[in-house]
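Letters A, B, ... mirror the listed sequences (proteins, then strands); counts begin at 1.
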Number of protein chains: 2
Amino acid sequence: MKVLTKHTDYAVRALISLGMKPDGWVSAKSVSDEQAIPYQFLRRIFQELIRSGLVASKEGAGGGVKLARDPYSIRVKDVIEIFQGEVQVSECMFRKQLCSNRANCVLRHEIMRIEQMVNEEFSKVTVGKLIGDLKRVGQMKNP
Amino acid sequence: MKVLTKHTDYAVRALISLGMKPDGWVSAKSVSDEQAIPYQFLRRIFQELIRSGLVASKEGAGGGVKLARDPYSIRVKDVIEIFQGEVQVSECMFRKQLCSNRANCVLRHEIMRIEQMVNEEFSKVTVGKLIGDLKRVGQMKNP
DNA sequence: TTAACTGATACTAAATTAGTATCAGAAAAC
DNA sequence: GTTTTCTGATACTAATTTAGTATCAGTTAA
Ligand code: FES
Ligand code: FES
């Protein structure tokens, strides 16, 4: 069971990459090279991030992308939601016909409790925090 | 983002169904009818559950399946692992070349912390507990 | 006017998930 | 002893999701 798809994975890494070069525009090409993400795939990921307002872009030579917001305001949860939709453990494990009182359903409670926890956890992790961690430990190659 | 697949969903519901009729063998057909799960699909799900030792089976007329263990010992986590493998948030968000010190990787820590929490939560929920909840609230049609 | 970019969108490939079909064999019922 | 009711095993197809590619139009700076 894998929770994060490549879309999310690449997107977070691309955002971190941008967050580490806060001045000026960065081309998708350079991020693609640096992070070894397939170029065209990354292009489309950026377009989503741009549409969602996390990333700003500038066309033409010398253009590129950069973070549109404070890295600490960009939560991994936001990225997941852009590419994978709302976290939901299961639509509804027990169908309506079996579960007359949906609002009070105890099973649903269990599931939603877990859902909420996952959401909270992914909300705590921001791009800014990840960059901070990386810098502190000094693991990422390109500074 | 959906965490549980139909396999897991159906399996848990089938296990609850069995757990509610603790005496004697129950045919896959009757569970299929009761829970509105495609028959052949359910057959294969039972075969997995049998192989994994959660369910016992008896061939021939009058045979069928039943829980092989105490319902309180069957965790939803076990079922997930049978059908969807280990819960893992992401293989490794930052590749080896970017992340020299895998053991100390801070990003990995975040991810594994979340992974562990999800696992713990799904470990707390057992078939027995779900049956207890259902009975207490009296929602499921067939007793 | 050319080179380096993004915007938009159509397309293909691979993997996973969901579901179906079939045949063999065991046990009970008749 | 043969018919019916069941599981064991396995092969197959369909649908959906995920991953990745390709192309062309348009913008900007040099
Ligand atoms: S399980 Fe869906 S409402 Fe109860
Ligand atoms: S992100 Fe994979 S080890 Fe650090």
Side-chain angles (χ1 to χ4, degrees), chain A residues 1-11 13-14 18 24-33 35-68 79-80 82-88 90-91 93, chain B residues 1-11 13-14 18 24-33 35-68 79-80 82-88 90-91 93:
Chain A
M1 168 182 151
K2 237 184 292 173
V3 177
L4 303 185
T5 62
K6 294 279 182 193
H7 285 89
T8 306
D9 178 327
Y10 290 161
R13 285 164 52 199
L18 294 188
W25 304 100
V26 180
S27 74
K29 180 74 173 55
S30 69
V31 177
S32 158
D33 289 347
Q35 300 280 353
I37 301 171
Y39 174 66
Q40 295 295 353
F41 199 12
L42 180 60
R43 287 286 317 279
R44 285 192 3 208
I45 287 169
F46 272 138
Q47 294 196 348
E48 283 290 322
L49 293 172
I50 291 159
R51 256 174 239 134
S52 308
L54 304 192
V55 164
S57 68
K58 191 190 168 203
E59 284 180 275
V65 290
K66 65 177 175 185
L67 290 192
V79 182
I80 293 178
I82 291 170
F83 295 101
Q84 305 181 232
E86 289 265 326
V87 172
Q88 57 181 193
S90 176
E91 286 282 325
M93 204 176 248
Chain B
M1 169 183 150
K2 237 184 291 172
V3 177
L4 302 185
T5 62
K6 293 278 183 194
H7 286 89
T8 306
D9 178 327
Y10 290 161
R13 285 164 52 200
L18 294 188
W25 304 101
V26 180
S27 73
K29 179 75 174 57
S30 69
V31 176
S32 157
D33 289 347
Q35 299 280 354
I37 301 171
Y39 174 65
Q40 295 295 352
F41 199 13
L42 179 60
R43 288 285 318 280
R44 285 193 3 209
I45 287 169
F46 272 137
Q47 294 195 350
E48 283 290 321
L49 293 172
I50 290 159
R51 256 174 240 135
S52 308
L54 303 192
V55 163
S57 69
K58 190 188 169 209
E59 284 180 276
V65 291
K66 67 176 176 186
L67 290 193
V79 182
I80 294 178
I82 291 170
F83 294 100
Q84 305 181 237
E86 289 264 325
V87 172
Q88 57 180 195
S90 175
E91 286 281 326
M93 206 176 244

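Residues Arg51(A) and Gly63(A) each lie close to DNA chain C; by heavy-atom proximity, the contact nearer the 5' end of the strand is made by Gly63(A). Along DNA chain D, the nucleotide nearest to Arg43(A) and the one nearest to Lys58(A) differ in position, and the one closer to the 5' end is contacted by Arg43(A).
Residue Lys29(B) is classed as having no contact, given no heavy-atom separation below 4.0 Å to the nucleic acid. Here Gly62(A) lies out of heavy-atom contact (under 4.0 Å) with every strand. In this structure, Tyr39(B) reaches the bases: a heavy-atom distance under 4.0 Å links it to at least one base atom across the strands shown.
The CZ-C1' distance, from Phe83(A) to dG20(D), rounds to 14 Å in whole Å. One can place CD of Glu59(A) at 5 Å from C1' of dT27(D), the figure rounded to the nearest angstrom. One interatomic measurement links the two molecules: CZ of Phe41(B) to P of dT10(D), which rounds to 19 Å at whole-angstrom precision. Atoms CD (Gln40(B)) and C1' (dC6(D)) sit 12 Å apart, rounded to a whole Å. The distance between atom CG of Asp9(B) and atom C1' of dG19(C), rounded to the nearest whole Å, is 15 Å. Taking atom CD of Gln84(B) as the reference point, atom P of dT17(D) lies 15 Å away to the nearest angstrom. We find that NZ of Lys6(B) is positioned 20 Å from P of dA14(D), with the value rounded to whole Å. Distance Gln47(B) CD to dC23(C) C1': 13 Å, rounded to the nearest Å.
A donor N or O paired with an acceptor N or O is found under 3.5 Å between the base of dT20(C) and the side-chain atoms of Arg44(B).
Out of dT4(D), dT7(D), dG7(C), the shortest distance to the side chain of Ala61(B) is found at dT4(D).
Annotation for Pro38(B) and Ser32(B): closest pair C-OG, 4.3 Å, computed over non-hydrogen atoms.
The shortest side-chain heavy-atom distance between Ile82(B) and Leu54(B) falls under the 4.5 Å cut-off.
Of the possible polar contacts, none joining the Gln35(B) side chain to the Tyr10(B) backbone as a donor-acceptor pair under 3.5 Å is found. Counting only distance, with no hydrogens or angles, the side chain of Gln84(A) and the backbone of Thr5(A) share a donor-acceptor pair below 3.5 Å.
An OP1 or OP2 oxygen of dA18(C) is reached within less than 4.0 angstrom by a side-chain nitrogen or oxygen of Thr5(B). OP1 or OP2 of dG19(C) sits under 4.0 Å from a side-chain N or O of Tyr10(B). Using a 4.0 Å cut-off, no side-chain N or O of His7(A) falls inside it from OP1 or OP2 of dT18(D). Contact between the side-chain N/O atoms of Ser27(A) and the OP1/OP2 oxygens of dT6(C) is not found at any separation under 4.0 Å.
A distance of 7.5 Å separates CD1 of Ile37(A) from CZ of Phe46(A), quoted to the nearest 0.5 Å.
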